[in-house]
Trainee: 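Have a look at the structure that comes next, please.
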Amino acid sequence: GRNSFNYGAYHPLETIYQAMDDLVAEYPQLVSKQQIGESYEKRPLYVLKFSTGGKNRPAIWIDAGIHAREWVTQATALWTARKIASDYGYDPSLDSLLNTMDVFLLVVANPDGYVFSHTENRMWRKTRSKTPGSLCVGVDPNRNWDAGFGGPGASNDPCSDSYHGPSANSEVEVRSVVDFIKSHGNVKAFISIHSYSQLLMYPYGYTCTNIKDHAELDNVAKMAANALTSLYGTQYKVGPICSVIYQASGGSIDWSYDYGIKYSFAFELRDTGRHGFLLPASQIIPTAQETWLGLKSIFEHVRDHPY
Amino acid sequence: LETFAGDQVLRVEPCNEEQVQLLKRLRAQQPLQLNFWRFPSFPNEPADVQVPFANLQNVKVFLESHQIKYSIMIEDVQAAVDEERREMDLNQRRER
């Protein structure tokens with residue numbers, strides 16, 4: 001881009017938000033910023049909207065970093081934002097997508113947790129909401145969605161890293177996304193970006209039964225994983241959340257699928273080097289580059305299979 | 001600012017349902033302050049757990065006494081965090 005922003009580094013929240021503003025300023029015809037709510041600690045929740053015009057077009061939703069410590073996801077989202085903006089007009093596949101659909105990208109889904117992971121505890125995963133009667137802070141925001149809430153694979157202990165919270169949507173970070181998706185009314189794909197162990201998953205996590213679109217989503221995910229692998233050979237495992245990683249209730253893509261958004265997927269980006277989410281900064285851009293190929297493969301399928 | 005000097009991340013590989021259940025019980029032990037990076041789920045699926053230095057011996061003894069296979073994924077978490085911090089400082093200076 002025109003500015004000197006370093007996409008190959010990890011940044012504090014303020015720098016990410018500034019980079020989002022810079023992108024909007026650089027591509028005002030394509031990119032805009034919308035605030036969809038405020039975190040528990042009153043930080044704004046911003047989505048970038050990529051749109052070439054038209055009212056209430058079908059849309060693709062992407063969020064990153066709901067688990068605060070998975071820094072490569074927020075970094076990948078920011079890189080992806082610039083990729084979408086800079087490739088529009090040059091990439092026929094992206095052009096045809098954006099000529100019919102909008103893309104919404106929540107770069108930092110859990111800003112309180114992200115700040116806390118930068119300033120206090122690098123291993124922080126949850127929100128920062130307070131639980132009455134407990135000394136422990138925070139809810140796992142990916143156990144807080146209204147999808148088998150409180151079931152297997154979530155904890156009712158406020159001190160646990162997978163605490164599901166007092167009720168579904170109790171976390172304002174989750175509720176804000178739910179409200180946005182519902183009020184939009186025309187979201188056709190919901191993609192959540194995490195990082196750990198290279199997985200591409202689809203519903204369900206709260207139950208180990210197959211969804212009715214299992215065959216199609218499995219096929220889409222395999223195509224996306226192959227596209228991703230083609231760049232650097234990074235191997236992805238593909239399948240439903242329950243069998244690919246573990247049973248987990250209250251997850252975002254289970255909610256989106258049950259809400260009627262057929263194309264619901266979750267990425268777990270690479271941790272080559274066995275560092276978990278402590279991925280060396282030198283791997284941010286390669287991770288983002290390969291992920292982009294996977295995302296584009298999903299975009300193309302969604303674009304070509306309206307429902 | 002929380003530090004993790006001497007903390008290790010163990011990759012634990014339960015080979016049957018009984019071992020999975022043992023890991024789930026271990027996870028519920030609050031005094032051990034375990035931070036599961038990947039939760040125990042099914043036999044032959046790895047679980048990754050960050051163990052505070054003070055509890056390393058207890059956890060390793062527990063795993064070994066139940067013949068649960070494990071390896072050390074990260075030798076010293078603080079060293080990894082320090083390296084990351086160095087990279088960020090370097091990158092910030094580079095930008096300026």
Side-chain angles (χ1 to χ4, degrees), chain A residues 3-12 15 19 67 69-72 116-125 136 140 143 152-162 195-197 199 205 208 237 241-248 268 271 273-284, chain B residues 1-5 7-12 14 20-21 23-52 71-96:
Chain A
N3 63 34
S4 61
F5 188 83
N6 182 1
Y7 287 86
Y10 294 116
H11 297 280
T15 314
H67 287 146
R69 63 194 182 186
E70 296 166 7
W71 287 0
V72 76
F116 196 74
S117 74
H118 268 264
T119 55
E120 302 286 341
N121 180 345
R122 175 64 182 88
M123 305 304 151
W124 193 257
R125 160 185 167 101
C136 294
D140 181 340
R143 300 289 186 278
S155 173
N156 58 9
D157 176 357
C159 297
S160 166
D161 253 345
S162 58
S195 61
Y196 210 88
S197 301
L199 312 167
C208 293
K237 202 167 149 187
I241 295 170
C242 182
S243 58
V244 162
I245 184 163
Y246 39 61
Q247 192 169 10
E268 295 278 359
D271 54 44
R274 306 189 79 179
H275 280 81
F277 40 81
L278 293 168
L279 192 69
S282 60
Q283 294 192 39
I284 294 172
Chain B
L1 182 67
E2 195 160 334
T3 58
F4 311 99
D7 288 16
Q8 291 187 344
V9 180
L10 307 180
R11 169 150 289 193
V12 187
V20 171
Q21 292 307 321
L23 289 178
K24 286 182 177 173
R25 255 187 275 158
L26 188 70
R27 194 185 150 200
Q29 299 290 316
Q30 283 302 333
L32 290 175
Q33 296 174 289
L34 303 182
N35 182 345
F36 275 84
W37 290 12
R38 181 166 173 161
F39 302 115
S41 55
F42 308 110
N44 303 314
E45 287 293 331
D48 297 333
V49 57
Q50 180 194 341
V51 186
S71 57
I72 298 171
M73 188 165 120
I74 299 181
E75 189 78 39
D76 182 348
V77 174
Q78 190 58 44
V81 173
D82 289 345
E83 178 57 29
E84 191 177 64
R85 174 63 57 189
R86 266 195 297 278
E87 279 179 352
M88 287 200 291
D89 291 345
L90 189 73
N91 278 313
Q92 267 179 340
R93 281 204 299 277
R94 191 175 292 155
E95 273 168 46
R96 276 201 296 276

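Reminder, nothing fancy here: chain letters follow the sequence lines and each chain counts from 1.
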Trainee: Atom OG of A:Ser243 and atom CD of B:Glu45: how far apart are they, to the nearest 0.5 Å?
Mentor: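 With rounding to 0.5 Å, OG (A:Ser243) is 8.5 Å from CD (B:Glu45).
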
Trainee: Report the option among A:Tyr10, A:Trp71, A:Phe277 that has the most heavy-atom pairs separated by less than 4.5 Å from atoms of chain B.
Mentor: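 Top option by heavy-atom pairs under 4.5 Å: A:Phe277.
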
Trainee: Would you name the heavy atoms of B:Met73 and A:Gly276 that are closest together and state the gap between them?
Mentor: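 Smallest interatomic distance, heavy atoms only, reads CE-N, 4.0 Å.
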
Trainee: Non-hydrogen contacts under 4.5 angstrom with chain A: give the residues of residues 81-88 of chain B involved, or none if there are none.
Mentor: B:Val81, B:Glu84, B:Arg85, B:Glu87, B:Met88

Trainee: Let me know if A:Trp124 has heavy atoms under 4.5 Å from chain B in its side chain, its backbone, both or neither.
Mentor: neither

Trainee: Do the non-hydrogen side-chain atoms of B:Val77 and A:Met123 ever get within less than 4.5 Å of each other?
Mentor: yes

Trainee: Measure the shortest side-chain to side-chain distance between B:Arg27 and A:Ser162 over non-hydrogen atoms and say whether it is less than 4.5 angstrom.
Mentor: yes

Trainee: Quick one: which residues of residues 34-42 of chain B reach chain A at under 4.5 angstrom, heavy atoms only?
Mentor: B:Asn35, B:Phe36, B:Trp37, B:Arg38, B:Phe39, B:Ser41, B:Phe42

Trainee: Can you measure from CG (B:Asn91) to OG1 (A:Thr15) and round to the nearest 0.5 angstrom?
Mentor: 11.5 Å

Trainee: Provide the closest heavy-atom pair for B:Leu1 versus A:Thr119 in the form atom of the first, atom of the second, distance.
Mentor: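 What the structure gives for the nearest pair is CD1-O, 2.9 Å.
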
Trainee: Which bit of A:Tyr196 comes within less than 4.5 Å of chain B, counting heavy atoms only: side chain, backbone, both or neither?
Mentor: side chain

Trainee: State the NE2-CD distance between A:His11 and B:Gln92, to the nearest 0.5 angstrom.
Mentor: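 Between atom NE2 of A:His11 and atom CD of B:Gln92 there are 8.0 Å.
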
Trainee: Output the distance between atom CG (A:Asp157) and atom CD (B:Gln30), rounded to the nearest 0.5 Å.
Mentor: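 Interatomic distance, A:Asp157 CG to B:Gln30 CD, rounded to 0.5 Å: 4.5 Å.
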
